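Contents: one structure, followed by commentary.
Being a predicted model, the structure only gives us computed values, none of them experimental. The figures here come from the full heavy-atom set of this structure, side chains too, leaving out hydrogens, waters and symmetry mates.
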Amino acid sequence: NPNYKGNPHPRYKNTLLFRSKFPEKARAHDIVKRARRNGKLIQKDCEKCGNDKNTQAHHEDYSKPLQVIWLCIPCHHRVHYPL
């Protein structure tokens with residue numbers, strides 16, 4: 001685009017900031033996304049409560065990006081933000 005001035009869109013700035021601050025997390029997220037898209041990693045029900053809707057991959061260790069625990073959104077929040 002000839003109008004491009006080198007500044008990313010404001011919404012993309014947060015993504016760039018996250019990727020620069022947490023490169024290992026960003027790499028693990030990319031690997032999971034690619035594996036799910038290619039069918040090498042299958043989304044499962046929540047391993048805490050059994051919910052089958054909107055599960056997310058949770059990493060215990062970002063150096064092992066394909067070893068994930070599937071959690072629904074409420075259980076995932078409880079893991080990251082315990083009371």
Side-chain angles (χ1 to χ4, degrees):
N1 184 344
N3 297 322
Y4 180 68
K5 304 284 190 245
N7 295 323
H9 190 275
R11 276 187 253 151
Y12 188 59
K13 283 184 180 182
N14 290 334
T15 302
L16 293 176
L17 181 63
F18 175 83
R19 289 182 168 283
S20 66
K21 287 175 84 173
F22 309 106
E24 191 176 27
K25 283 184 183 183
R27 180 181 167 276
H29 293 169
D30 290 343
I31 290 170
V32 166
K33 187 186 334 183
R34 198 173 310 115
R36 287 185 62 207
R37 186 176 40 220
N38 294 336
K40 294 178 181 172
L41 188 63
I42 307 298
Q43 187 172 351
K44 298 179 183 173
D45 296 347
C46 178
E47 294 183 24
K48 295 258 186 208
C49 70
N51 188 352
D52 63 345
K53 303 265 191 278
N54 298 324
T55 55
Q56 301 174 336
H58 171 73
H59 293 93
E60 293 287 331
D61 182 359
Y62 288 108
S63 67
K64 301 172 185 169
L66 293 179
Q67 289 183 4
V68 296
I69 299 169
W70 292 99
L71 299 172
C72 65
I73 294 170
C75 289
H76 203 172
H77 280 262
R78 275 187 230 112
V79 168
H80 285 284
Y81 310 107
L83 293 175

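Separation of atoms SG (Cys46) and CD1 (Ile73) is listed at 10.5 Å; rounding is to 0.5 Å. Between atom NE2 of residue His77 and atom CD of residue Gln56 there is a gap of 6.5 Å, rounded to the nearest 0.5 Å.
Residues in residues 26-39 take part in these salt bridge (charged side-chain N to carboxylate O under 4.0 Å, His left out) pairs, two or more places apart or across chains: Arg19-Asp30. Pairs passing the salt bridge (charged side-chain N to carboxylate O under 4.0 Å, His left out) check and including a residue from residues 47-56, sequence neighbours excluded, do not occur.
In this view, Phe22 and Phe18, Lys25 satisfy the side chain to side chain contact (heavy atoms under 4.5 Å, CB included) rule, not counting sequence neighbours. Partners of Leu17 by side chain to side chain contact (heavy atoms under 4.5 Å, CB included), not counting sequence neighbours, listed by chain and number: Ser20, Lys21. Contacts of Pro74 classified as side chain to side chain contact (heavy atoms under 4.5 Å, CB included), with partners at least two apart in sequence or in another chain: Cys72, Arg78.
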Do any side-chain atoms of residues 58-69 form donor-acceptor pairs under 3.5 angstrom with protein atoms, and if so which ones, sequence neighbours left out?
from, atom 1, to, atom 2, distance (Å)
His58, ND1, His76, NE2, 3.3
His58, ND1, His80, NE2, 3.3
His58, NE2, Glu60, OE2, 3.3
His59, NE2, Pro65, O, 2.9
Asp61, OD1, Ser63, N, 3.1
Asp61, OD1, Ser63, OG, 2.8
Asp61, OD2, Ser63, OG, 3.1

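Without hydrogens or angle criteria, Thr55 side chain to Lys44 main chain gives a donor-acceptor distance under 3.5 Å.
Between Gly39 and Ile42 the shortest heavy-atom distance is O-CD1, 3.7 Å.
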